[in-house]
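Data block below; observations after.
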Amino acid sequence: LRHLDNWHAGRQRNADFYDAGFTALGARSSVSPLKSGGTQLRFPSRPAAPARHIYNQYIIRVPAAHRDALRDHLKANNIGTEIYYPVPLHMQECFQYLGCARGSLPETEAAALETIALPIYPELTTQQLQHVVDSIGAYLSKHGLIGGGPSVTTTTRGGSPVGAGV
């Protein structure tokens with residue numbers, strides 16, 4: 001427990017880095033739905049003070065048609081990702097007694113198809129964080145998912161990608 005506040009601060013610092021990097025690509029927070037246009041990436045919104053987010057996960061949303069291909073792209077660039085709820089809770093067998101049919105919670109069902117958890121652990125270096133942002137920016141640019149202007153080309157600080165397991 002004595003390290004908990006430092007771990008939270010490290011993940012918050014990393015989230016700040018991602019937020020700034022994705023904002024530079026034209027992305028918006030998750031308050032704006034993907035349907036609202038612009039760069040087709042949404043990052044976590046910030047709670048109002050005095051609340052704070054500890055970023056146990058850092059979840060982005062991208063169009064469902066690109067989610068798995070983006071994960072493959074990140075894996076090819078030695079970046080680990082995860083999908084924590086591939087099946088919406090109301091569609092899981094243990095909750096069938098609730099009687100929710102497919103389509104009854106459309107936003108939940110969309111989130112299950114659009115979300116990716118990025119590395120956020122406190123020990124990530126600035127170079128590793130930049131590699132994640134650059135790799136996502138390269139994918140978005142290549143697939144025409146950056147809105148509001150010309151394609152963005154990003155480069156990794158320091159000139160080269162960081163090793164496996166980011």
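Everything numeric in this text was worked out from a predicted model, so none of it was measured.
Annotation: side chain of Tyr18 is in contact with side chain of Pro119 (closest heavy-atom distance under 4.5 Å). You'll find the side chain of Pro44 reaches within 4.5 Å of the side chain of Tyr58, heavy atoms only. Two residues are said to be in side-chain contact when any heavy atoms from C-beta on lie closer than 4.5 Å; Leu34 and Leu41 fail this criterion. Tyr121 has its side chain out of reach of Arg11: every pair of non-hydrogen atoms, C-beta onward, lies at least 4.5 Å apart. The side-chain heavy atoms of Ile83 and Asp68, taken from C-beta on, include a pair separated by under 4.5 Å. No side-chain heavy atom of Leu145 sits less than 4.5 Å from a side-chain heavy atom of Thr39. In this structure the side chain of Ser104 reaches within 4.5 angstrom of the side chain of His90, judged on heavy atoms. Here the side chains of Ile116 and Ile59 are not in contact, with every heavy-atom distance at 4.5 Å or above.
Of the possible polar contacts, none joining the Glu114 side chain to the Arg67 backbone as a donor-acceptor pair under 3.5 Å is found. Not a single donor-acceptor pair under 3.5 Å links the side chain of His8 to the backbone N or O of Arg52. In terms of modelled atom types and a separation under 3.5 Å, the side chain of Ser141 and the main chain of Gly137 share no donor-acceptor contact. Checked by atom type and distance alone, the side chain of Ser30 pairs as donor or acceptor with a backbone atom of Ser45 at under 3.5 Å. Checking side-chain atoms of Arg42 against main-chain N and O of Pro33 turns up a donor-acceptor pair under 3.5 Å.
The structure places CD of Gln127 at 10.0 Å from CG of Asp134, a figure rounded to the nearest 0.5 Å. Rounding to the nearest 0.5 Å places CD of Gln40 at 9.0 Å from CG of Leu140. Atoms OG1 and CZ, on Thr125 and Phe17 in that order, are 9.0 Å from each other to the nearest 0.5 Å. We find the CD1-CZ distance between Ile120 and Arg13 to be 9.5 Å, quoted to the nearest 0.5 Å. Of the inter-residue distances, the one linking Asn14 atom CG with Glu123 atom CD reads 9.0 Å to the nearest 0.5 angstrom. Rounding to the nearest 0.5 Å gives a distance of 10.0 Å between CD1 of Ile136 and CG of Asn77.
By the 4.0 Å N-to-carboxylate-O rule, Lys75 lies too far from Glu82 to be salt-bridged with it. A salt bridge is defined here as a Lys NZ or Arg NE, NH1 or NH2 lying under 4.0 Å from an Asp or Glu carboxylate O, and Arg46 with Asp16 meets this definition.
His53 and Gln12 make their closest contact through O-NE2, 2.8 Å (heavy atoms, listed as atom of the first residue, atom of the second, distance). Counting all heavy atoms, side chain and backbone alike, Ala112 lies closest to Pro86 at CB-O, 3.7 Å. Scanning both residues, Ile79 and Ser135, for their nearest heavy atoms gives CD1-OG, 3.6 Å.
At a threshold of 4.5 Å between side-chain heavy atoms, the hydrophobic network of Ile, Leu, Val, Met, Phe, Trp and Tyr places Leu89 and Leu98 in one connected group.
For Glu93, the CD atom is loosely surrounded, since the number of other residues' heavy atoms within 6.0 Å does not exceed 12.
Under the side chain to side chain contact (heavy atoms under 4.5 Å, CB included) test applied with Leu118, the options Leu124, Val132, Leu129 reduce to a single match, Val132.
No donor-acceptor contact under 3.5 angstrom links the side chains of Arg61 and Thr115, judged on distance only. Side chains of Arg28 and Ser36: a donor-acceptor N/O pair is present below 3.5 angstrom, by distance only.
Taking the six-membered ring where tryptophan is involved, the planes of Phe95 and Tyr97 are tilted, since the angle between them lies from 30° to 60°.
Here the two rings, on Tyr139 and His73, have centers that are under 6.0 Å apart.
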